[in-house]
Amino acid sequence: MECMFGPVLWSWPSTCGFTEDLCQIGAGVSLPGITAAKCGAEVTLSDSSELPHCLEVCRQSCQMNNLPQVHIVGLTWGHMSQDLLALPPQDIILASDVFFEPEDFEDILTTVYFLMQKNPKVHLWSTYQVRSADWSLEALLYKWDMKCVHIPLESFDADKEDIAESTLPGRHTVEMLVISFAKDSV
């Protein structure tokens with residue numbers, strides 16, 4: 001799902017500016033965060049503090065892309081930690097395909113809610129593969145006083161069967177959404 005962010009992030013300077021603070025949660029190989037850093041954003045990559053090999057993958061991605069300034073922190077969804085408390089306010093939170101296990105949805109939104117408390121204008125940008133039509137964030141968004149706006153993939157030419165010379169998304173249903181506090185206007 002990371003390649004879905006490509007068209008959005010390549011327009012980064014005109015969309016957000018060069019010095020936005022951005023945190024990618026569940027970063028994995030970190031493509032969206034790496035792309036944002038290459039476009040001038042101040043980036044923090046995070047993955048589970050319980051999976052050190054995932055944090056090492058983030059470090060390797062930064063090394064291979066000559067990005068020593070990118071911060072890497074271990075954040076486990078739903079857990080308060082010193083690293084989470086120490087994060088400065090963010091302008092954008094990226095999450096590429098983190099909504100894949102329903103039992104994690106609330107932990108993800110709890111972490112996002114905490115980051116939104118630091119900057120109520122922050123938005124979570126997420127792409128994800130729809131795995132079941134029965135899974136929904138709606139009740140949890142209501143519980144955490146958040147709202148979601150679906151972004152049509154065709155609005156940034158990501159509605160093809162292959163993106164960035166990959167076979168993604170193929171025939172899978174992929175969605176992009178922006179989550180913010182319910183009081184904010186996206």
Side chain [X], main chain [Y], donor-acceptor under 3.5 Å:
X      : Y      : value
Lys147 : Val178 : no
Thr76  : Ser49  : yes
Asp91  : Asp21  : yes
Ser30  : Gly28  : yes
Ser126 : Ala95  : yes

Any [X] side-chain heavy atom under 4.5 Å of [Y] side chain:
X      : Y      : value
Pro88  : Gln90  : yes
Met116 : Ile179 : yes
Val57  : Arg59  : no
Asn65  : Val70  : no
Leu75  : Leu87  : yes
His79  : Asp107 : no
Leu115 : Leu124 : no

Nearest heavy-atom neighbours spanning [X] and [Y]:
X     : Y      : answer
Gly26 : Val98  : CA-CG1, 4.2 Å
Asp47 : Ala27  : OD2-N, 3.4 Å
Pro32 : Ser96  : CG-CB, 4.2 Å
Gln24 : Gly33  : OE1-N, 2.8 Å
Leu67 : Ala37  : CD1-CB, 3.9 Å
Pro89 : Asn119 : CB-CB, 4.0 Å

Modelled atom types, side-chain donor and acceptor of Gln117 and Tyr113, under 3.5 Å: yes

In Å and rounded to the nearest 0.5 Å, what is the [atom1] to [atom2] distance from [X] to [Y]?
X      : Y      : atom1 : atom2 : answer
Asp145 : Lys183 : CG    : NZ    : 3.5 Å
Cys62  : Gln69  : SG    : CD    : 8.0 Å
Lys118 : Leu84  : NZ    : CG    : 6.0 Å
Thr111 : Trp77  : OG1   : CH2   : 8.5 Å
Ser48  : His53  : OG    : NE2   : 9.0 Å
Ser61  : Glu56  : OG    : CD    : 10.0 Å

Determine, using the 4.5 Å side-chain heavy-atom cutoff (strictly less than), whether [X] and [Y] are members of one ILVMFWY cluster.
X      : Y      : answer
Ile72  : Leu51  : no
Tyr142 : Leu137 : no
Met64  : Leu45  : no

